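To start, the structure itself, in structure tokens.
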Number of protein chains: 2
Amino acid sequence: MTKKEKILEAGLKLFATEGYTATSTNKIANAAGVSEALIFRHFLSKEGLLSAIVKEGESAFKNLYTPILKESDPKEVIRLTIALPLTVPESHYEFWRLQFRLKWELQSVNHKKSQPLIDKLSWAFAELGVAHPKQEAEFLSDYLEGLASQILLGKEVNKKKTEEFLLLKYKLT
Amino acid sequence: MTKKEKILEAGLKLFATEGYTATSTNKIANAAGVSEALIFRHFLSKEGLLSAIVKEGESAFKNLYTPILKESDPKEVIRLTIALPLTVPESHYEFWRLQFRLKWELQSVNHKKSQPLIDKLSWAFAELGVAHPKQEAEFLSDYLEGLASQILLGKEVNKKKTEEFLLLKYKLT
DNA sequence: GTCTATAAACAGATAGAC
DNA sequence: GTCTATCTGTTTATAGAC
């Protein structure tokens with residue numbers, strides 16, 4: 001692993017656990033086993049490092065839900081959406097914790113980012129003859145947001161049982 | 001209003017909007033129209049000020065949901081719980097934004113804080129003959145958490161329509 | 001209670017050697 | 001690419017006068 005990668009790794013870890021503002025470049029350098037100046041050589045500024053980290057993994061979200069947008073079976077659309085927060089591997093938690101943290105720490109909330117998914121969900125519910133498809137889609141989306149928060153904040157969640165419950169609730173079994 | 005109260009008010013506002021770490025005591029003093037030293041006179045440290053702010057409003061959460069715990073009609077329990085995030089006046093948003101922010105910024109997450117409410121919800125669902133009352137309670141709680149997040153992060157939510165939809169969904173009309 | 005002045009540590013960032 | 005040394009402004013916090 002190059003020193004640049006070590007900085008990215010240490011930055012992700014510290015930003016995700018301690019927060020962006022609360023993490024000094026000095027702390028990152030120590031954690032990465034690197035001189036502080038190297039951070040600025042590679043990323044110009046502390047914000048540059050943050051951008052690089054966010055960018056590096058930003059496609060992750062799109063990659064996660066684009067298969068759903070392409071799905072043509074409405075039941076499968078809902079099934080896959082439900083599985084979203086429940087199948088993310090724990091090794092990715094750090095990255096996602098950072099994303100959720102940044103929503104609150106910086107004002108960088110992009111409500112439109114999940115709009116394509118909500119629209120697709122809305123389509124799926126309509127297809128299945130559900131009464132208020134748009135509101136059902138918003139409802140499910142908000143629930144999954146809440147569930148993801150709880151998981152990332154360390155609440156014990158039985159993922160298997162939760163998924164079974166949801167599949168039953170949405171009549172997908 | 002005393003200067004101490006002015007500090008508390010400015011602190012709440014700034015911590016809620018900019019975050020705890022990103023807000024300097026100097027900024028707070030300026031916003032409150034007070035010398036910086038006065039903050040330390042009254043609250044000993046920056047963290048002391050934070051504690052005072054959190055404590056001052058901590059009972060707010062309890063006061064919000066204790067009426068629900070005392071309710072004996074299961075339908076009314078669910079109705080009141082749903083109304084929780086939808087009836088908080090916008091003037092209280094600042095305080096709640098701070099609470100949500102702190103969950104991520106400090107590691108001070110108290111998952112047990114909402115447990116009494118979840119237990120009561122679970123009781124209500126059981127009383128109404130719902131199949132998986134415990135999981136239904138968790139589900140509703142997570143949804144409301146997600147909804148509250150969205151609202152506090154500035155998403156446009158039609159509260160009236162949302163409440164109508166939920167009352168219909170939970171067969172409370 | 002409240003201020004001015006200031007200490008001491010720490011922040012992000014740069015210069016220049018290797 | 002990587003380091004040591006250092007600059008400059010800011011941060012939390014205190015001392016002491018009123």
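Values in this document were obtained by computation on a predicted structure and should not be read as measured data. Quick note on labels: first sequence line is chain A, next is B, and so on, each numbered from 1.
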Salt-bridge present (Lys169(B), Glu136(A); N to O < 4.0 Å): yes
Spacing of Leu14(B) atom CG relative to dT11(D) atom P, expressed in whole Å: 12 Å
Under-4.0 Å side-chain N/O to phosphate OP1/OP2 contact, Ser24(B) with dT10(D): no
Gap between atoms CZ and P, on Phe43(A) and dG1(D) respectively (whole Å): 11 Å
Residues Lys75(A), Glu127(A): salt bridge by 4.0 Å N-O rule: no
Atom-pair distance (NZ on Lys27(B); P on dT12(D)), nearest Å: 10 Å
Below 4.0 Å: OP1/OP2 of dC3(D) and any side-chain N or O of Lys3(A): yes
Salt-bridge criterion met for Lys161(B) and Glu164(B) (N-O under 4.0 Å): no
Contact letters for nucleotides 13-18 of chain C, in which S counts primed atoms plus P, OP1 and OP2 and B counts the base, heavy atoms under 4.0 Å: BBB---
Separation of atom CD1 in Ile7(A) from atom C1' in dG12(C), rounded to whole Å: 15 Å
Residue met sooner reading DNA chain C from 5', once Thr21(A) and Leu38(B) are mapped to nucleotides: Leu38(B)
Sugar-phosphate only, base, or nothing, as touched by Thr23(B) at under 4.0 Å among non-hydrogen atoms: sugar-phosphate
Residues Arg79(B), Glu76(B): salt bridge by 4.0 Å N-O rule: yes
Salt bridge flag under 4.0 Å for residues Glu138(A) and Lys155(B): yes
Cation-aromatic face contact Lys46(A)/Tyr20(A), 6.0 Å, 45 degrees: yes
Rounded distance in Å - CD1 (Ile28(B)) to C1' (dT11(D)): 12 Å
Nearest-Å distance for atom pair CG/P, residues Asn26(A) and dA11(C): 6 Å
Between dT10(D) (C1') and Asn30(B) (CG): distance, integer Å: 13 Å
Lys4(A) NZ to dT2(D) P, straight-line distance once rounded to whole Å: 10 Å
Salt bridge present between Glu71(A) and Lys120(A) (N-O < 4.0 angstrom): no
